[in-house]
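Reading through the structure tokens given below for one structure.
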Amino acid sequence: MNNTATDFDVMIVGAGISGIGMAAHMKEKAPDHGFVIVERREDLGGTWDLFRYPGIRSDSDMHTLGFDFEPWKHEKSIADGPAILEYLDQIVDERDIRKHIRFGHKVLAADWRESEARWHVTLETEQGEKRHLTANWLYLGSGYYDYDEPYDPGFELGEFEGQVIHPQFWPEDLDYADKNVVVIGSGATAVTIVPSMSEKAAKVTMLQRTPTWMFSRPAKDALANFLRKILPEKLAYRITRWKNIKLQDYGFKRARTKPEKMAADLHKRIRKSMGEDYDLAPFTPPYNPWEQRLCLVPDDDLFDAIKSGKADVVTGHIKAFEKGGVRLADDRFLPADIVITATGLKLAVAGKIALSKEGQPIDLSEHFYYKGCMFSNVPNLAVVFGYLNASWTLRADINSDYICRVLNETRRRGVDVAEPVLTPQAEAQIEEDDIFDFSSGYIQRAKSIMPKNAVEYPWRLNQEYVVDRKRMKEDPVDDGLLQFRRHGANTRRADEQLEAAE
């Protein structure tokens, strides 16, 4: 057994929303545990530091995309990337977290050693140097998509001589003034890029294979801004946050129970902007609302760009990329100097880290989620995978809070291992569930790598924040499934049935 001291109690992977949130929660709720944040990039922010395309903004309101412990103080609740980075920087500096971040450190692999109750982590610096650190816990705040490569739909560019750009790798010096731009895609990224680029470009065309449901709302939350004037900042934030959580929950459930009514309401909002005679075909998908994530249109910016003539939406299939533009299957030709392939992300699990246990690879697709936070029969490992139907940070907050409770429980018991144990007998009784019942391409393409989900809690990544929040906060940590032990002592294999205490 290796008796050298463990480097860190908790290694947090990623200095984006999830990682910074965990560090802040630990500072407040588990201050006796040390931590480090390892971040592959040169600055914090994760997604908000990576994406630099025009108009980059949140597609959730910042009263729910913001943390439960730090009020969002800007006037706009639909915030741009720089404002979100400013918010994260403020949290890091006010809570003295920055000194705990090691930038330019990419995690390649992590191996769990039971005899030491710690993860042996292999990292690579920006200079290509390999480093090895140990941690009792791994907390993965590395997001849900591949930072290295986006989804490639396999376009054959043929005779097209213009620039082809994916939003994930936006060039700083792109000059699109007075040029024709075709943005391929109709998701959140495309809906953001099109109105922003239309301010300088000659014409921006959003080319969609299939329409997307659009939801128009003001970028400013009038009630939030009013409450901030008459109430203490934190109280006003809590009220607005809860209001938005309940409205979002109501909207999602209404879409599932009364899809026709929801579709009519969404169309009504578009007609209010575009006029009663507007042809709604470009905004009428062949699926019900919330079978894919709704796209937010703040302050009608996309619709205003279309009305101005600087942007349009075209539905069709690409036949070929030709000199000077894109030819569609029905022979329409879209002039283009620049093509933006906003065709989606490539999902990744656990930040593509090669996880192993005593040298044997851990395939998370063979493990069940435990409370949307840990995995069956994997010790001292936690992860954040945000909600599909709500803001990412809602899950990040409750997971951070829960893991702090687990850390404190291990300290109270004098143990160093916490593992959700699922015996083969118990697993045989589980009915699996497809929680990823969204038809979005990026989700469907990644199902094979996703961890398993049961119909019944806790072996699932649940999709009801209000319910999850109550459970994670109030249910006992010691639930009979999460096993606590000291390394090397009283160990029990996952294939051994747990016995009831007398």
Side-chain angles (χ1 to χ4, degrees), residues 50-56 145-212 214 274 278-286 292 295 297 301-346 440-442 444-445:
L50 173 69
F51 286 101
R52 304 293 180 90
Y53 55 78
I56 174 72
Y145 60 87
D146 193 324
Y147 268 44
D148 301 308
E149 55 180 290
Y151 169 62
D152 180 6
F155 291 136
E156 293 291 337
L157 298 175
E159 298 179 0
F160 184 68
E161 297 174 344
Q163 290 177 278
V164 179
I165 297 163
H166 192 282
Q168 193 165 325
F169 302 106
W170 197 270
E172 291 184 13
D173 58 349
L174 180 66
D175 178 15
Y176 55 89
D178 301 320
K179 293 184 179 180
N180 290 314
V181 181
V182 171
V183 180
I184 303 174
S186 59
T189 303
V191 170
T192 301
I193 288 175
V194 170
S196 181
M197 292 189 75
S198 69
E199 295 174 6
K200 294 181 182 178
K203 183 70 172 288
V204 183
T205 300
M206 186 171 85
L207 172 58
Q208 59 183 14
R209 186 172 55 184
T210 307
T212 297
M214 303 289 175
M274 300 298 292
Y278 181 71
D279 181 4
L280 290 169
F283 301 108
T284 306
Q292 294 186 22
C295 273
V297 181
D301 61 359
L302 175 65
F303 306 132
D304 288 345
I306 294 171
K307 285 192 294 185
S308 74
K310 296 276 286 180
D312 63 0
V313 179
V314 173
T315 305
H317 291 256
I318 296 173
K319 179 180 181 180
F321 289 85
E322 299 179 359
K323 188 172 182 177
V326 181
R327 180 74 62 184
L328 302 185
D330 61 8
D331 212 38
R332 283 179 292 173
F333 184 76
L334 305 179
D337 303 298
I338 301 171
V339 169
I340 312 296
T341 57
T343 49
L345 301 166
K346 180 181 177 183
S440 305
Y442 71 98
Q444 295 299 316
R445 291 191 297 269

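Keep in mind that this is a model prediction, so the values were computed, not measured.
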Start with the C-alpha distance between Val297 and Val191, add both sets of side-chain angles, then the distance that settles side-chain contact (heavy atoms from CB on, under 4.5 Å), and finish with yes or no. CA-CA 7 Å; Val297 181; Val191 170; 4.0 Å; yes
Report the C-alpha distance between Leu345 and Tyr151 in whole Å, list the side-chain angles of each, state the deciding distance to 0.1 Å, and finish with yes or no for side-chain contact (heavy atoms from CB on, under 4.5 Å). CA-CA 5 Å; Leu345 301 166; Tyr151 169 62; 5.9 Å; no
Report the C-alpha distance between Val339 and Leu157 in whole Å, list the side-chain angles of each, state the deciding distance to 0.1 Å, and finish with yes or no for side-chain contact (heavy atoms from CB on, under 4.5 Å). CA-CA 10 Å; Val339 169; Leu157 298 175; over 6 Å; no
Can you list the steps and then say if Thr343 with Phe155 is a side-chain contact (heavy atoms from CB on, under 4.5 Å)? CA-CA 11 Å; Thr343 49; Phe155 291 136; 3.9 Å; yes
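For Gln208 (side chain) and Pro282 (main-chain N/O), a donor-acceptor pair under 3.5 Å exists by modelled atom type. Checking side-chain atoms of Asp337 against main-chain N and O of Gly162 turns up no donor-acceptor pair under 3.5 Å.
Considering every non-hydrogen atom in both Pro195 and Ala305, the closest pair reads CA-CB, 4.1 Å. In terms of heavy atoms, Met197 sits closest to Pro54 at CG-CG, 4.0 Å. Pro171 and Ile165 make their closest contact through CD-CG2, 3.7 Å (heavy atoms, listed as atom of the first residue, atom of the second, distance). Closest of all the heavy-atom pairs between Ser186 and Thr210 is OG-O, 3.1 Å. Considering all non-hydrogen atoms of both residues, Val182 and Pro335 come closest at CG2-O, 3.8 Å. Nearest approach of Ile318 to Leu328, heavy atoms of both residues: CA-CD2, 4.3 Å.
Classification of the Phe51-Tyr145 ring pair by plane angle, with boundaries at 30° and 60°, yields tilted.
Ring-centre distance between Phe303 and Phe283: below the 6.0 Å cut-off.
Residue pairs meeting the side-chain hydrogen bond (donor to acceptor under 3.5 Å, both in side chains) criterion with at least one partner in residues 161-177, sequence neighbours excluded, do not occur; the list is empty.
Here CG of Leu334 is found 9.0 Å from CD1 of Ile184. Values are rounded to the nearest 0.5 Å. The CE atom of Met206 sits 8.0 Å away from the OG1 atom of Thr315 when rounded to the nearest 0.5 Å. Here the CG atom belonging to Leu207 is positioned 9.5 Å from the NE2 atom belonging to His317, to the nearest 0.5 angstrom. Residue Leu174 holds its CG atom at 10.0 Å from NZ of Lys200, rounded to the nearest 0.5 Å.
Between Asp148 and Lys346, none of the side-chain N atoms (NZ, or NE/NH1/NH2) sits under 4.0 Å from a carboxylate O, so this pair counts as no salt bridge.
No side-chain heavy atom of Tyr53 sits less than 4.5 Å from a side-chain heavy atom of Ser196.
Within a 6.0 Å radius of CZ in Arg332, more than 12 heavy atoms belonging to other residues, nucleotides or ligands are found. Taking a 6.0 Å sphere around NZ of Lys319, one finds it holds 12 or fewer heavy atoms contributed by other residues, nucleotides or ligands.
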